[in-house]
Participant: 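Encoded as structure tokens, here's the structure I'll be asking about.
Residue numbers start from 1 in every chain, and the chains themselves are labelled A, B, ... in the order their sequence lines are given, proteins ahead of strands.
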Number of protein chains: 2
Amino acid sequence: MTQTRKRARPVKRRPPATPRLALTRKAPIDGALDAELFRALSDETRLSLVACIAKCGRACSVGEVALCCSVDVSVVSRHLALLARAGVLSVRRRGRVVAYALQYDELCESLHALAAAIESLKPAENLSKGACNDGCC
Amino acid sequence: MTQTRKRARPVKRRPPATPRLALTRKAPIDGALDAELFRALSDETRLSLVACIAKCGRACSVGEVALCCSVDVSVVSRHLALLARAGVLSVRRRGRVVAYALQYDELCESLHALAAAIESLKPAENLSKGACNDGCC
DNA sequence: ACTATATTTGCATCATGACGCAAACACGCA
DNA sequence: TGCGTGTTTGCGTCATGATGCAAATATAGT
């Protein structure tokens, strides 16, 4: 199954000359940029809920979390469900109480993967700030 | 200026009993959750522009980037300006051409800082999935 | 089965954002 | 100075999302 002949070379290919050409180039960053995740984290109210649950270090019920902010409990319910769909929180029902907890490991992994994907694309210093913009380099 | 007496103890304090109490607790995650950054990355069109510029590995002009997607160049101009305001891209004017480049280092640093902030809040395994939800623990 | 509590859902409202088009603007060059 | 190209801005339109309230639903306990 694994390649037995030579082994994939870990060399960094020359970057595409233009952004248009970059479109066709596959890179780890393609899978690491998750719009749904970022959208879930793009609202201040949701971020405050995430911070509360994160700092609490345990699963929190909808009602509990609703005490952390000024919006209606129905709004909190919707926010938490959205965060769970995006993978930020896990959800578990215990009786009539629904408890949401931070997905510590999964989140950290996603963030590290994205950082690594970005790092792998970082060019030599002389190119990073763009010596030219006409595709000559 | 720096504390000369004892040195801040690096011990992990017991987490707040309820999310409501967590509100008053300061933690690195408070500064690491940047809604503006996440909002900038929450749009699919913008993400495709970011990926193009990232893979290209150099500063790209507005016109160049506009060739990467199907939206109007004016829309691309707005997207890139927004990404620059959020710290995702750097912007530099060269004559009448405006070139945007990925902020590789700054982005990676933000992502790592957030991951570290999350990691620092991760509780012992038995607590993470919530043994109770009434503030008893 | 009835009741109380926890959560979700339907609906209306208001704000924000993505988009295209056209006009305005900026700047290098003749 | 006038022209051409690259970029931004003004404006209207359409879609999406955040919010609150009330009603519906779920479930534990009596």
Participant: Quiz question: going by heavy-atom distance under 3.5 Å, is there a donor-acceptor pair between the base of C/dC19 and the side chain of B/T45?
Facilitator: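 When only heavy-atom distances are counted, B/T45 does not reach the base of C/dC19 through any donor-acceptor pair under 3.5 Å.
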Participant: In whole Å, I'd like the distance from the CG atom of B/L47 to the P atom of C/dA18.
Facilitator: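 Distance check: B/L47 CG to C/dA18 P gives 11 Å.
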Participant: Can you tell if the side chain of B/D72 reaches within under 4.5 Å of the side chain of B/V76, non-hydrogen atoms only?
Facilitator: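 Answer no - side chains too far apart.
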Participant: Can you check whether any acceptor in the base of C/dC19 is under 3.5 Å from a donor in the side chain of B/S74, or vice versa?
Facilitator: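 Per atom types, no contact qualifies.
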Participant: Separation of A/E44 atom CD from D/dG17 atom C1', in whole Å?
Facilitator: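 Result: 15 Å.
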Participant: Taking the side chain as C-beta and beyond, is there a heavy-atom pair between B/K122 and A/D105 under 4.5 Å?
Facilitator: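 Side-chain contact under 4.5 Å: yes.
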Participant: What's the closest nucleotide to the A/R39 side chain, out of C/dT7, D/dT19, D/dA18?
Facilitator: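 Selected nucleotide: D/dA18.
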Participant: Between A/F38 and B/F38, how do the two ring planes meet: parallel, tilted or perpendicular, split at 30° and 60°?
Facilitator: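 A/F38 and B/F38: parallel rings.
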Participant: Could you tell me the separation between the CG atom of A/D72 and the C1' atom of D/dA23, rounded to a whole number of Å?
Facilitator: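 That distance rounds to 13 Å.
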Participant: Using heavy atoms to find the nearest nucleotide of DNA chain D for B/A81 and A/S70 separately, return the residue whose nucleotide is more 5′.
Facilitator: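 The 5'-side residue here is B/A81.
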Participant: Measure CG/A/D43 against P/D/dG17 and give the value in whole Å, please.
Facilitator: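 Checked: the CG to P distance equals 11 Å.
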Participant: Taking atom types as they are modelled, is there a donor-acceptor pair under 3.5 Å from the base of C/dT5 to the side chain of A/R96?
Facilitator: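 Yes.
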Participant: Report yes if a side-chain nitrogen or oxygen of B/S77 is closer than 4.0 Å to either non-bridging phosphate oxygen (OP1 or OP2) of D/dT7; otherwise report no.
Facilitator: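 Looking at the OP1 and OP2 atoms of D/dT7, neither is under 4.0 Å from any side-chain N or O of B/S77.
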Participant: Record whether the side chain of B/R78 comes under 3.5 Å of the base of C/dG20 through a donor-acceptor pair of N or O atoms.
Facilitator: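 By the distance-only test, yes, there is a pair.
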Participant: Verify the neighbour count for atom CZ of A/R20: are there more than 12 heavy atoms of other residues, nucleotides or ligands below 6.0 Å?
Facilitator: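 No, not enclosed.
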Participant: Can you tell me which nucleotide in D/dT19, D/dT8, C/dT8 comes closest to the side chain of A/H79?
Facilitator: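 Between D/dT19, D/dT8, C/dT8, the one nearest the side chain of A/H79 would be D/dT19.
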Participant: Is a side-chain N or O of B/S110 found less than 3.5 angstrom from the main chain of B/E106, in a donor-acceptor match?
Facilitator: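 Yes, because the side chain of B/S110 sits within donor-acceptor range (under 3.5 Å) of the backbone of B/E106.
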Participant: Rounding to an integer number of Å, can you tell me how far A/L80 CG sits from D/dA18 P?
Facilitator: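 It is 13 Å, rounded to the nearest whole Å.
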Participant: Rounded off to whole Å, could you give me the CG-to-C1' distance for the A/L82 and D/dG17 pair?
Facilitator: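 Atom-to-atom, A/L82 to D/dG17, this comes out as 10 Å.
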Participant: Which nucleotide, D/dG20, D/dT7, C/dC19, lies nearest any side-chain atom of A/V75?
Facilitator: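 In terms of side-chain proximity for A/V75, the closest of D/dG20, D/dT7, C/dC19 is D/dG20.
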Participant: Rounded to the nearest Å, what distance is computed from the CZ atom of residue A/R46 to the C1' atom of nucleotide C/dT16?
Facilitator: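 Computing the A/R46:CZ to C/dT16:C1' distance gives 13 Å.
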Participant: Check the distance between D/dG17's C1' and A/E36's CD and give it to me in whole angstrom.
Facilitator: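 Distance check: A/E36 CD to D/dG17 C1' gives 15 Å.
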